[in-house]
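Right, one structure below, let's go through it.
Start at 1 with the first residue, then count along the sequence.
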Amino acid sequence: MRDGAQESYEFYCLADRTFYDTPTQRGVEHPDFEPATRPVPEGWQHVPGETWMHYAPEGLQLPQQGWKIHVSARLDDVIKTLEAVWEYCVPRGIAFKFLRNEAVLVMANSKAAPRGSSGKLVTIYPADEAQLELVLKELDDILDGVQGPYILSDLRYGTGALFVRYGAFVSRFCLSPSGERVLALENEHGQLVPDHRGPTFSIPPWVPLPDFLQPHLEARNAVSTNELAYTIESVIQFSNGGGVYLGHHKESGDRVVLKEGRPHAGLDLAGRDAVARIAHEYEILQRLEGLDVVPKTYERFELGEHHFMVQEHIDSISLQRDLVGRYPLSKPDATEADKAAFAEWATAAVEQVGRAVALLHERGVVFCDLHPDNVLLDVDGRMVLIDFEVATNAADKARSTLAHPGYAAPPDREGVDVDRYALACIGLGVYAPQTTILLNLHRGKAFQLAEMITETFPVPRATIDEAVRTVVGSDATSDPEMAELALPGKAEWTDVRAALTKAIVASATPERTDRLFPGDIAQFRGGGGIDLASGAAGVLYAMAKTGAGRFEQYEEWLRERSLTTAAGPGLYDGLHGVAHVFDVLGHRQHALDLVDRTLADDWSTRELGLHSGLAGIGLSLLHFDTEPALRAKAVRVLDLVADRLGDVTDVPEISGGQYPHAGLMYGSSGPALLFIEAFEQLGDTGLLDLAEIAIRQDLRRCSASPDGDMLQVNQGWRTLPYLEEGSAGIALALARYLKHRPSDELTAVLAQLERVAHCSFYVQPGLFMGRAGLLLTAASLGAQQTTVDDLVYGLGWHAMPYAGGLAFPGNQLLRLSMDLATGSAGVLLALGSALHSVPASLPFLGPPQWSESPSLQHESKEV
């Protein structure tokens, strides 16, 4: 189950400036709301969580699903609301939970928060419909006057702060139509079906709406756009603060953009909601009236409590989109002429942005949210700046309350210097997209970015140096930590390995029980920080496989935690992956004990994929099948996967979203790998037939580049080259298949898949969704040395100093990561696949497992 995909990385940035972490674990100074500090009532149970505080009477038997009540409240009404809910629910024995502090509430209701769940402060669990009706009626009176954001997934009760939704009270799972393991409800036939949790109110078809809620549904449906002077044609984008819509005036036909603000929703750092920012933006644009670099505004109006601003529609694309289309390093084998042409365009574009910003400053306005997505280029070359929600008066010397992390000025900048910093970041970022996010972690990174930019593009050094001086805020010419860093492609492999190991070891927290090495936010989802992808097992695996050493203290930590973990059975997110690592480290009996714990699992709700599902479980069972009981289990998994695989055309041509995912970790290439591994052990050629079907399912979801030279996974709105769910992972499975069943057709396809490793820039450095995965793929498939060398050198775009060593940022680039899937351990393993004397690889992607010694002989190190 890819649960948590909608979680906010920003929430895990609250606690620590360097690593993703949970606020409560790090003891951040965000005091809990007062009711959370009260003694637990006698006869009650209390379960504190990172975001929610749960309360229920001991022995209370609630149904597994039903109608639940959500309470919404703005910041000014939070304490009043929580006190009222506590005083109401506790004497009546009604279970409830609430968000634990203001920081969590603001993050959960920020502009970037998921729209479907935003606005919820309290959840109340009535025992039945009679209690539901009574609680709503009585609490509605008690909370009279409380205001809060509208909860889009729910039905509002009256006009107050109460909302209702039918859903699960406990976590149960089933497979969705796309094959993902998702939260489930039980239908009228006793079958588990997906519990849909979108940003609109809906009722399961077998659940009748209680009669007393019917008037509230009718009131909700009575609001329409029929009386508007405008016709809305399409959605440009949604945020938690509201939508941006394309439309036209009904009488004149003029095309317009309508920008929506939801009351009390989409909070910024100053606590302002989207309505306040819409009003502010309108005033700013009125002040800038007449400038060609801002859109014209027409009017403001209200509809159903939502506020709208109408402005000029500009037939354009964003600077970001134009940049992506032109950027030569994202295409295979870019030539010097390609780079020169891009540099000429980029220089002119940055200068044009600078002139536009200067015009704002002449009017006394600071944009405060300057980044390439907020810069539009129309068909005639006109450049327009959009989204003035957080603009300020220059005289106020204020700072932005809502900004893109790659262009957000540090605390020492205010007023017009906020825009100058963002403009400097654009000057660097056009050549190294998104990397300016890293400046929040280490400002001196700008010096090394400048080196790589001028080594790669024919751009004047003086131009880049000026941007660097603006970023660092001084005339310094270097940064000691960056200058001493052992960079891949420049330093010796052993020095790079030592630097990575030094940083990983320095980051370890063996005193903690929730995680050993800081990594992706996935490590906080209940597995105890032990798994292969984001936990300790993956880090220890990478260090052992690359000759970086063995660390007894960390292995013991992992052993102890694996005895009590609640992790599932998956290969990359559960016990099978941990078992594999223990076997590699020479602890076979403990590995077998962990595998044995997984055998009672009900596989019927497991996905097919390698990461969490049956393909990974089956590969692990095959690995351990010298144990007689496990051979039968492995065959059982093979049968399940074969039965559910289907035919080539049973998958659509699009990957992801509402459709099944393609690729190695979540798509059909994982089952293909299982069938190939099983063929290598069992010799049944029918398994190769199944492997071919699985591979062709993933190839069906690939699309060719315009020149037909490169294949990538097609997600409809983007194409992906990566190891996790892109073409690189498919290439590894296909290459393994071709060793047993050569095919001229599929060999040609493999060449198209491999071309994704010939690009020189990838937005992230990680193994699963970044450059490191392309490096491991190229090295594993025997790519030309120049291709491998370019991939190694390019890791420098994201190289960062940490504790005297070398580290890399995780997904989203907001914090460093040490894990295998997203961070430094994954980079270490990828470098080991290309540079180590015994090439490293991921489990089941290297040499046949039976040729591998069960124990890696490395000198043990004390930590």
Side-chain angles (χ1 to χ4, degrees), residues 504-505 508-517 519 523 526-601 603 610-612 616-634 637 677 819-820 825 829 840-844 846 849-863:
I504 290 170
V505 171
T509 54
E511 70 280 2
R512 288 177 60 160
T513 58
D514 63 327
R515 64 108 158 116
L516 177 56
F517 301 103
Q523 66 184 187
I530 68 170
D531 62 67
L532 190 57
S534 60
V539 178
L540 297 181
Y541 176 87
M543 292 196 293
K545 282 286 190 177
T546 57
R550 294 279 298 277
F551 301 86
E552 291 182 2
Q553 179 185 359
Y554 301 155
E555 291 178 23
E556 180 59 21
W557 185 96
L558 181 60
R559 189 194 69 80
E560 291 179 359
R561 291 294 301 126
S562 67
L563 294 173
T564 58
T565 181
L571 179 63
Y572 279 94
D573 66 349
L575 290 179
H576 275 283
V578 180
H580 185 87
V581 172
F582 273 115
D583 194 45
V584 166
L585 296 175
H587 304 295
R588 188 171 182 84
Q589 187 54 55
H590 186 64
L592 290 170
D593 291 343
L594 293 179
V595 170
D596 187 64
R597 285 172 51 191
T598 72
L599 300 182
D601 183 77
W603 290 332
L610 182 69
H611 189 278
S612 312
I617 293 169
L619 281 164
S620 177
L621 292 171
L622 285 172
H623 174 78
F624 291 108
D625 78 347
T626 53
E627 307 297 321
L630 298 185
R631 168 60 66 93
K633 294 288 187 180
V637 172
E677 182 82 15
D819 70 24
L820 184 73
L829 188 75
S841 191
L842 287 168
F844 312 112
Q849 297 298 305
W850 57 84
S851 68
E852 209 174 70
S853 169
S855 177
L856 294 172
Q857 300 301 318
H858 291 294
E859 181 181 354
S860 181
K861 296 183 179 181
E862 293 294 333
V863 180

The side-chain contact (heavy atoms from CB on, under 4.5 Å) partner of L575 among I617, T565, V595 is T565

Value for CG (D583) from CG (L592), rounded to nearest 0.5 Å, stands at 7.0 Å

For S534 and Q523, the nearest pair of non-hydrogen atoms, with its separation, is O-NE2, 2.9 Å

Rounding to 0.5 Å, atoms CZ (F624) and NZ (K633) come to a distance of 16.0 Å

Shortest non-hydrogen pair, A542 vs A825, comes out as CB-O, 3.4 Å

Hey, can you tell me if H623 and H580 have their rings parallel, tilted or perpendicular (30° and 60° cut-offs)? tilted

Check your understanding: Is the backbone N or O of L585 less than 3.5 Å from a side-chain atom of R550, with the two atoms forming a donor-acceptor pair by type?
Key -> yes

Judged by modelled atom types alone, do T513 and R561 share a side-chain donor-acceptor pair under 3.5 Å? no

One should read off an interatomic distance between F844 CZ and E677 CD, to the nearest 0.5 angstrom, of 6.5 Å

Heavy-atom nearest pair, P510 first then Y554, reads CG-CE2, 4.5 Å

Q.
Please evaluate residues L622 and V637 with respect to the criterion side chain to side chain contact (heavy atoms under 4.5 Å, CB included), reporting the C-alpha separation (whole Å), side-chain torsions for both, the decisive distance (0.1 Å), and the verdict.
A. CA-CA 10 Å; L622 285 172; V637 172; over 6 Å; no

Distance col, row D573:CG vs H611:NE2, nearest 0.5 angstrom, shows 5.5 Å

Note to self: Does any part of the side chain of L842, heavy atoms only, come nearer than 4.5 Å to the side chain of L820, both counted from C-beta?
What the structure shows: yes

With sequence neighbours left out, the residues meeting side-chain hydrogen bond (donor to acceptor under 3.5 Å, both in side chains) with T598 are H576

d(I504 CD1, D819 CG) to nearest 0.5 Å is 10.0 Å

With sequence neighbours left out, the residues meeting side-chain hydrogen bond (donor to acceptor under 3.5 Å, both in side chains) with E556 are R559

Closest non-hydrogen contact found for L594 with V578 is CD1-CG1, 3.7 Å

Rounded to the nearest 0.5 Å, the CD atom of E555 sits from the CG atom of L516 at a distance of 11.0 Å

Minimal heavy-atom distance between S841 and Y541, with the atoms involved, is O-OH, 2.7 Å

Worksheet item: So, W557 side chain and R512 main chain: donor-acceptor pair closer than 3.5 Å or not?
Response: yes

Nearest heavy-atom contact between L829 and A840 is CD1-CB, 3.7 Å

Do L599 and L621 come close enough that some side-chain heavy atom pair is under 4.5 Å? yes

